[in-house]
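Note that the structure is a prediction, hence the values are computed from the model and not measured. Letters A, B, ... mirror the listed sequences (proteins, then strands); counts begin at 1.
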Protein chains: 2
Amino acid sequence: MYICLIYTFMLYSSELIKGTLKTIILKLLADNNRMYGYEMTQRVKTATANKIEITEGALYPTLHALESEGLVTTEIEYIGKRVRKYYKLSPDGAKRSQEKVNELADFMNTMKFLLDIKPKTT
Amino acid sequence: MYICLIYTFMLYSSELIKGTLKTIILKLLADNNRMYGYEMTQRVKTATANKIEITEGALYPTLHALESEGLVTTEIEYIGKRVRKYYKLSPDGAKRSQEKVNELADFMNTMKFLLDIKPKTT
DNA sequence: TTTGATGTATAAGTAAGTTATGTATTATTT
DNA sequence: AAATAATACATAACTTACTTATACATCAAA
């Protein structure tokens, strides 16, 4: 007797995640005081059961953009000889975080209505 | 005495809508047998209270892409002298429509969980 | 008669990603 | 001991899916 286990790594098509990265980062920082980039990728990966994987090529430019917009501040620390860059929300960033999450929530409600998606019955 | 009415046209930032256009079109066609492009833009506009406005520059290339992928078929009709192009789902398109809607629903549930968004209490 | 709505289409430019590559340290496996 | 994987940052080249602008044409309304 064979037992066949198929693990489907149902990663979302990338267009979907596209508009949401900044919102995700800002929300993570709103909840966690400070985080570093690699930590964010791991947090999102485990929190979504591998459904959302943030690539470094997307993450770091976005973090730099948030910094240059004044929405986050940074602190560099050394773990042994390895550099680690912590990000923290500025007051503007905290405000923006809420706005972005609210906008996304509103958008998702609109889309659910438009696509006639029923709430999960779990 | 002045009465000041401010209408806020809270259009979503375009990155959000970005990944969802094909899904919206396929779902419209799944529900309506056949539709033409302009009709789709109006339907979405009114159904979302002007929150989502599909631009022609996005719509028509996407419709052409769907056609060349074999997901929709077209019929041309004349209203007076004015041309109108109707789109209809192919069997593949009907299947894809369901898949896309399911994927988006799944994605939105994941995002709601990740961003700790509470269901609306209305 | 000219503006707005209806209707389709494409070209140029942009934003936000992907993919690939690079560098370096530390832990784990063979 | 050496190779591989994980940790940690970063950037360059490319792609995708849009936006913005333009174009053309018909028909209704001001």
Side-chain angles (χ1 to χ4, degrees), chain A residues 11-26 28 34-46 50 52-69 71-72 74-87 100 103-104 107 111, chain B residues 9 11-26 34-46 50 52-69 71-72 74-87 100 103-104 107 111:
Chain A
L11 263 164
Y12 300 115
S13 48
S14 63
E15 325 92 68
L16 285 183
I17 305 169
K18 194 148 276 187
T20 62
L21 181 55
K22 251 182 191 173
T23 307
I24 290 171
I25 294 172
L26 289 170
L28 281 175
R34 67 174 203 162
M35 289 183 88
Y36 56 99
Y38 186 76
E39 191 184 12
M40 296 179 193
T41 66
Q42 300 308 303
R43 184 72 59 88
V44 169
K45 195 176 169 183
T46 57
N50 301 308
I52 297 180
E53 288 183 22
I54 299 175
T55 60
E56 305 106 309
L59 178 69
Y60 291 110
T62 302
L63 287 172
H64 300 161
L66 289 172
E67 189 178 11
S68 76
E69 291 171 50
L71 299 177
V72 299
T74 60
E75 297 163 14
I76 285 176
E77 282 188 21
Y78 281 87
I79 309 301
K81 286 180 181 177
R82 195 151 56 188
V83 76
R84 184 182 284 180
K85 199 165 166 188
Y86 278 98
Y87 291 84
K100 292 287 267 178
E103 189 197 12
L104 186 51
F107 174 71
M111 284 300 296
Chain B
F9 289 104
L11 263 165
Y12 300 115
S13 48
S14 64
E15 324 93 69
L16 285 183
I17 305 170
K18 194 148 280 187
T20 62
L21 181 55
K22 251 182 191 174
T23 307
I24 290 172
I25 294 172
L26 289 171
R34 67 174 203 162
M35 289 184 89
Y36 56 98
Y38 186 74
E39 190 184 12
M40 296 178 193
T41 66
Q42 301 307 303
R43 184 71 59 87
V44 169
K45 196 177 170 184
T46 57
N50 300 308
I52 298 180
E53 290 184 20
I54 299 174
T55 60
E56 306 105 309
L59 177 69
Y60 291 110
T62 302
L63 286 173
H64 301 161
L66 289 172
E67 190 179 9
S68 76
E69 290 171 51
L71 300 176
V72 299
T74 59
E75 297 163 16
I76 285 176
E77 281 187 23
Y78 281 87
I79 310 301
K81 287 182 180 175
R82 196 149 56 187
V83 76
R84 186 182 281 178
K85 200 164 165 186
Y86 279 99
Y87 291 84
K100 292 288 269 180
E103 189 198 13
L104 186 51
F107 174 71
M111 284 300 296

Please compare B:Tyr38 and B:Pro61 by the position of their nearest nucleotide in DNA chain C and report the one closer to 5'. B:Tyr38

Using a 4.0 Å heavy-atom cut-off, does B:Gly57 contact any base of the nucleic acid, only the sugar-phosphate backbone, or nothing at all? base

A:Tyr60 side chain N/O closer than 4.0 Å to the phosphate oxygens (OP1, OP2) of D:dC9? yes

Could you tell me whether the side chain of B:Arg82 has a donor or acceptor atom within less than 3.5 Å of a complementary atom in the base of C:dT6? yes

Kindly compute the distance separating CE (B:Met111) from OG1 (A:Thr20), expressed to the nearest 0.5 Å. 4.0 Å

Comparing A:Ile79 and A:Ile54 on DNA chain C - which has the more 5′ nearest nucleotide: A:Ile54

Do NZ/NE/NH1/NH2 and the carboxylate oxygens of B:Lys22 and B:Glu69 come within less than 4.0 Å? yes

So what does A:Glu39 hit on the nucleic acid, given a heavy-atom distance under 4.0 Å: a base, only sugar-phosphate, or nothing? nothing

Show the nearest heavy-atom pair for residues A:Leu26 and A:Leu66, with the distance to one decimal. CD2-CD2, 4.2 Å

Any ion pair linking A:Lys85 and A:Glu75 (charged N to carboxylate O, less than 4.0 Å)? no

Give B:Leu21 one of three labels, base, sugar-phosphate or nothing, depending on what nucleic acid heavy atoms sit under 4.0 Å from its own. sugar-phosphate

Does a nitrogen or oxygen in the side chain of A:His64 sit under 4.0 Å from OP1 or OP2 of D:dT11? yes

